[in-house]
2 protein chains.
Amino acid sequence: MKNRLRVLRAEKEITQAQLADETGVSRQTINAIEKGKFDPSLPLAFKIARLFNMSIEEIFEDED
Amino acid sequence: MKNRLRVLRAEKEITQAQLADETGVSRQTINAIEKGKFDPSLPLAFKIARLFNMSIEEIFEDED
DNA sequence: ACTATTTGTAAATAAAACTTGACATACTTA
DNA sequence: TAAGTATGTCAAGTTTTATTTACAAATAGT
């Protein structure tokens, strides 16, 4: 599962810690997701998408 | 997290077991998701969405 | 009524998300 | 040079929750 989180965050000019704060998870969780270490839960994916005013598919890409 | 799985499946006229089969999970998992007992993993959500030619947001609705 | 098929659910397991804490690196800037 | 901020990572632990197995209930068909 790839994602465009890194660039989106850069565009918005917010830090991992801020994103973590706004989504209610730890900074390391955001980092891990960005680095593709694991996928967010569906609810968290929704929260992130909402924060960027985007659809989940616009942010996350299933590689299959 | 609500979802329209039940009706979509009805429209497609497939059984829980068939949907389970095509998404690679157990029949009970599909049932549980339909009944809202828990949310699918993000990869599974993608698989389901792809199967119905829909976006995740068109199938699942985050209630917050 | 009987059988087959579909659905519901409890209980247990497996898996994975997420946390905490710590430390290291890089970049800035004062 | 020192201090502050942002990111990377890792180990280890917790805890949530997705998923399975097994069994019960319901529904449909003959």
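These numbers come from the heavy atoms of this one structure, side chains and all, not from hydrogens, waters or symmetry mates. Below, chains carry the letters A, B, ... as their sequence lines are ordered, and counting in each starts from 1. The structure presented is a predicted model; accordingly, all values stated were derived computationally and were not measured.
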Within 6.0 angstrom of A/E13 CD, more than 12 heavy atoms from elsewhere
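Open.
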Start with the C-alpha gap between A/I56 and B/F60, add the side-chain angles, then the distance that decides, and say whether side chain to side chain contact (heavy atoms under 4.5 Å, CB included) holds.
CA-CA 11 Å; A/I56 292 179; B/F60 299 92; over 6 Å; no
Below 4.0 angstrom, which residues in [range] have at least one non-hydrogen atom near DNA chain C?
range	answer
residues 13-30 of chain A	A/G24, A/V25, A/S26, A/R27, A/Q28, A/T29
residues 33-41 of chain A	A/F38, A/D39, A/P40, A/S41
residues 45-54 of chain A	none

Which residue pairs pass the salt bridge (charged side-chain N to carboxylate O under 4.0 Å, His left out) test with at least one member in residues 42-61 of chain B, sequence neighbours excluded?
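For residues 42-61 of chain B: A/D62-B/R50.
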Answer yes or no: does a side-chain N or O of A/N31 lie under 4.0 Å from OP1 or OP2 of D/dT7?
no
For a quick test of reading the model: is some side-chain N or O of A/R6 closer than 4.0 Å to OP1 or OP2 of D/dG8?
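Answer yes for this pair, as a side-chain N or O of A/R6 is under 4.0 Å from OP1 or OP2.
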What residues form a salt bridge (charged side-chain N to carboxylate O under 4.0 Å, His left out) with A/R27, not counting sequence neighbours?
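Salt bridge (charged side-chain N to carboxylate O under 4.0 Å, His left out) list for A/R27, sorted by chain: empty.
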Kindly list each side-chain donor-acceptor pair under 3.5 angstrom involving residues 33-42 of chain A, sequence neighbours excluded, with atom names and distances?
| residue | atom | partner | partner atom | Å |
| --- | --- | --- | --- | --- |
| A/E34 | OE1 | A/R6 | NE | 3.0 |
| A/E34 | OE1 | A/R6 | NH2 | 2.7 |
| A/E34 | OE1 | A/R9 | NH2 | 3.4 |
| A/E34 | OE1 | A/Q16 | NE2 | 3.2 |
| A/E34 | OE2 | A/R9 | NE | 2.4 |
| A/E34 | OE2 | A/R9 | NH2 | 3.2 |
| A/S41 | OG | A/L44 | N | 3.3 |

For residues B/I48 and B/M54, determine if any side-chain heavy atom of one lies less than 4.5 Å from a side-chain heavy atom of the other.
no
CG-CG distance between A/L5 and A/N31, expressed to the nearest 0.5 angstrom:
10.5 Å
Start with the C-alpha distance between A/E11 and A/F52, add both sets of side-chain angles, then the distance that settles side chain to side chain contact (heavy atoms under 4.5 Å, CB included), and finish with yes or no.
CA-CA 10 Å; A/E11 284 175 8; A/F52 288 107; over 6 Å; no
Under 3.5 Å, sequence neighbours excluded: what are the donor-acceptor pairs made by side chains of residues 17-24 of chain B?
| residue | atom | partner | partner atom | Å |
| --- | --- | --- | --- | --- |
| B/Q18 | OE1 | B/T15 | N | 2.9 |
| B/T23 | OG1 | B/L19 | O | 2.8 |
| B/T23 | OG1 | B/A20 | O | 3.2 |

Which two nucleotides bound the region of DNA chain C that has atoms under 4.0 Å from heavy atoms of chain B, read 5' to 3'?
C/dT6 to C/dA10
